[in-house]
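Data block below; observations after.
Chain naming here is simple, since letters A, B, ... match the order of the sequence lines and numbering starts at 1 in each.
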Protein chains: 2
Amino acid sequence: MGDEKDGRAAAGAVSMAQVAQVAGVSQQTVSRVANGLPNVSERTRERVLLAMEELGFRPNFAGRSLRSGRYNSVGLALYNVEQFGNLGTIKGVLSAAGDVGCAVTTVEMDDRAPLSLAEATRRMAGLPIDALVISMSLRSDDFEDFVPQPGLSTVLLTMYEHPRCTTVDSDQYGCSAVLMEHLAGRGHREIRFVGGPAYSVDSSFREAGWRDALSARGIDAAEPLRGDWTADSGYEAGAALARDATATAVYAANDQMALGVVEALRDAGRRVPEDVSVVGVDDSLRDTVPHVCLTTVRFDLVARGRAAVEQALLGTAPGYRPRAIRIPPTLVERSSVADARR
Amino acid sequence: MGDEKDGRAAAGAVSMAQVAQVAGVSQQTVSRVANGLPNVSERTRERVLLAMEELGFRPNFAGRSLRSGRYNSVGLALYNVEQFGNLGTIKGVLSAAGDVGCAVTTVEMDDRAPLSLAEATRRMAGLPIDALVISMSLRSDDFEDFVPQPGLSTVLLTMYEHPRCTTVDSDQYGCSAVLMEHLAGRGHREIRFVGGPAYSVDSSFREAGWRDALSARGIDAAEPLRGDWTADSGYEAGAALARDATATAVYAANDQMALGVVEALRDAGRRVPEDVSVVGVDDSLRDTVPHVCLTTVRFDLVARGRAAVEQALLGTAPGYRPRAIRIPPTLVERSSVADARR
DNA sequence: AGGCACAATGTTAACGTACTCATTTTGGGT
DNA sequence: ACCCAAAATGAGTACGTTAACATTGTGCCT
């Protein structure tokens, strides 16, 4: 019944033409008012705004961007939504996008299927986005061969470098350097490492940084222990470490495990930091544990997200060359580290 | 230099017409192949796919949705991106949207300016979305008078009910009922409350739930203490509570403060749970503290996000009536509660 | 009064897609 | 060989918007 049209936009939506009819002006004038362009008399503007209000006009995104060729939106492909660091990164992405009047169009990728950059790009390519940020915590099989969609500026949130895409990440290697410098400067040489799960990219970069920092000082690295990021797994590692009389310091790959290590050491009668120093990564305990004492390293995750978006948008300009951006960590010195030389 | 056109879509993008030309078919046939429609010969299909590959064809979102009138996207307006619970909610939103082939278009709202639903709606109205979810942790000034954009199904993530919009939230009132039932069942009557900041909506609903649960049992509620969600503020409250010899239980409005309370009580020589029982909310300490002992209550935040999207999508159908959905909490029983009657 | 600059408004066309309908091709069955 | 149904393909059109251009209206200076 009624004026059903053929190719229909958002059933029941109000178009500029309808507003124009009610306001008694041309559709172009409505467009001018909607976009705040000059050369519209005050009287006309008011009449149009009134008609818009009355009809509930909502500018049609499709029509608009079909004309302009821009979407004013950044795509974000997420593989493990619930993962430490994602919220800060998302905040940064939203914030940087918002600064330039962009929205963020997000899709959760299936992380049960094998990770694939090609697949992620394929899914995002049909979305209203001007640039693309892909966040994956693991390295995909097709990482090296990946070729970004032509015409779609693509940034990868990862520690691995890529020949054709800018990559952005917190410096998961450099954080170890900062912490080892801190410990070595206090005379520590027997520094043990408690890593995350073997498949974790972050953990392996932190481990590599630890190894290299020690070897640069002529120290042999002991076999690392491995947890699963949880405080309880850190406790187990700490219990094992407590039997290792030579260790003077422990570097746990995150704060939760570091806290577990501290508890286990204390439960075993070893004092922290007097007997053993402990450091972690992330500064995730602040505000969540009373009187946090853990010396750790903090990443500016918001900056990570911001940088990704900034680069992705820069990449839409011709002549852009891919680069690798690593957000540096900040040492957060508390009281879990003592001088090993007394 | 060259064939610059006038109203240009995504500069340099490849259209179906161009693919059609290369493949030697009509644009309509390309459309059929792109959408996997039947009645295309295998030979033709291959030829078209080849041309698409060669030119790097990417379906134009604007053209497509201009025709179809659908965006396949859900809008998400966020006021305090970095806030406990948002990551789980975002995960739920992405997940539910993904299930029906939708993306999520997110915008961070300026939380320095006064919160306004009208403003949020205005900003989202021009985006490519079929439905809208607005998340605000505070109550906006225009909450009651708010009228959603006609034709744009809108769901509010809040504990407050609204006459014209479906509202979804974790049951911030009910969680208190669950915890008080648990404590009262173990003989506790002198149950103190440590709330969050005065402006916090969640905290005030939790407080109301506490008050009502006590009064339903004929117990007078003592003056509540107030922290700022941090463990250290919980510690301060706990130190004060330690001097209150009559209290047998403490209900802190989140786990971090609860942990602070526990520490302070123990530091003051009172045993938990033998002398004083302590409960919290959120189950946020799991995995982050070794051997967590805190009895608490957990919210399914993913379900919260999912419900919001599901309702928003349902709201696009005619005849939908707004409702209020409260995601129930789950009691997580650990060892910070003892029987008060010995 | 005449004219001229400029503001205000309208007209037309095009963006890329998918729907409807028309036309051509294909493949049997006689 | 012929015909007809069904498959394959093409032509035309409309979706809502904005840009370029065309036209009309207004006010000011000489």
Legend entry - Expected output: side-chain B/Thr154 to main-chain B/Leu152 donor-acceptor under 3.5 Å: yes
Legend entry - Check: A/Ser26/A/Thr29 side-chain N/O donor and acceptor closer than 3.5 Å: yes
Inset, instruction - For A/Glu42 and for B/Gln27, find the nucleotide of DNA chain C with the closest heavy atom, then tell me which residue's nucleotide is more 5'. - result: A/Glu42
Inset, instruction - Classify the angle between the aromatic ring planes of A/Phe146 and A/His162 as parallel (below 30°), tilted (30 to 60°) or perpendicular (above 60°). - result: perpendicular
Inset, instruction - Can you check whether any acceptor in the base of C/dG10 is under 3.5 Å from a donor in the side chain of A/Arg32, or vice versa? - result: yes
Legend entry - side-chain N/O A/Thr29 vs C/dT9 OP1/OP2, d < 4.0 Å: no
Legend entry - Minimum-distance nucleotide to B/Ser41 side chain [options: D/dG12, D/dT9, C/dA14]: D/dT9
Inset, instruction - Among C/dT9, D/dG16, D/dA11, find the nucleotide with the atom closest to the side chain of A/Ser15. - result: D/dG16
Inset, instruction - For B/Gly24 and for A/Ala62, locate the closest nucleotide of DNA chain D by heavy-atom distance; then report the residue assigned to the nucleotide nearer the 5' terminus. - result: B/Gly24
Inset, instruction - Round to the nearest Å and state the distance from A/Leu66 atom CG to C/dT17 atom C1'. - result: 8 Å
Inset, instruction - In whole angstrom, give the distance that lies between atom CG of B/Asn39 and atom P of C/dA22. - result: 17 Å
Inset, instruction - Figure out the CG/P separation between B/Leu37 and C/dT20, and round it to whole Å. - result: 12 Å
Legend entry - salt_bridge(B/Arg306, B/Asp99) N-O dist < 4.0 Å: yes
Legend entry - Under 4.0 angstrom between A/Ser31 side-chain N/O and D/dT17 OP1 or OP2: no
Inset, instruction - Looking at every strand, decide which applies to A/Pro59 at a 4.0 Å heavy-atom threshold: base, sugar-phosphate, or nothing. - result: sugar-phosphate
Inset, instruction - Grab the CG-P distance between B/Asn60 and D/dT17 for me, whole Å please. - result: 16 Å
Inset, instruction - Could I get the full list of ring-ring contact (aromatic ring centres under 6.0 Å, His included) partners for B/Tyr320, not counting sequence neighbours? - result: none
Inset, instruction - Measure the distance from CD on A/Gln18 to P on D/dC15 and round it to the nearest whole Å. - result: 10 Å
Legend entry - Proximal nucleotide (of D/dT18, C/dT9, D/dT17) relative to the A/Phe57 side chain: D/dT17
Legend entry - Lys/Arg N to Asp/Glu carboxylate O, B/Glu144 vs B/Arg164, below 4.0 Å: no
Legend entry - From C/dA18, C/dG10, D/dG16, nucleotide with atom closest to B/Met16 side chain: C/dA18
Inset, instruction - Measure the distance from OH on A/Tyr71 to P on C/dC15 and round it to the nearest whole Å. - result: 15 Å
Legend entry - Integer-rounded Å distance: C/dA18 P and B/Arg70 CZ: 14 Å
Legend entry - Terminal axes of the helix from C/dA1-D/dT30 to C/dT30-D/dA1 (five pairs each): angle between them, nearest 10 degrees: 50°
Legend entry - Residues A/Arg70 and A/Asp130 bridged, charged N to O under 4.0 Å: yes
Inset, instruction - Would you kindly compare A/Gly63 and B/Asn35 by the position of their nearest DNA chain C nucleotide and give the one closer to the 5′ end? - result: A/Gly63
Inset, instruction - Output yes when a side-chain donor or acceptor of B/Asn60 lies under 3.5 Å from a complementary backbone atom of B/Ala62, and no otherwise. - result: yes
Inset, instruction - Test for a donor-acceptor pair under 3.5 Å between the base of D/dA8 and the side chain of B/Gln28, counting only N and O atoms. - result: no
Inset, instruction - Check whether any side-chain nitrogen or oxygen of A/Arg64 sits under 4.0 Å from OP1 or OP2 of D/dT18, and answer yes or no. - result: yes
Inset, instruction - Taking only the side-chain nitrogens and oxygens of B/Arg67, find out if one of them lies under 4.0 Å from OP1 or OP2 of C/dG16. - result: no
Inset, instruction - For B/Phe61 and D/dT17, give me the distance from atom CZ to atom C1', rounded to whole Å. - result: 15 Å
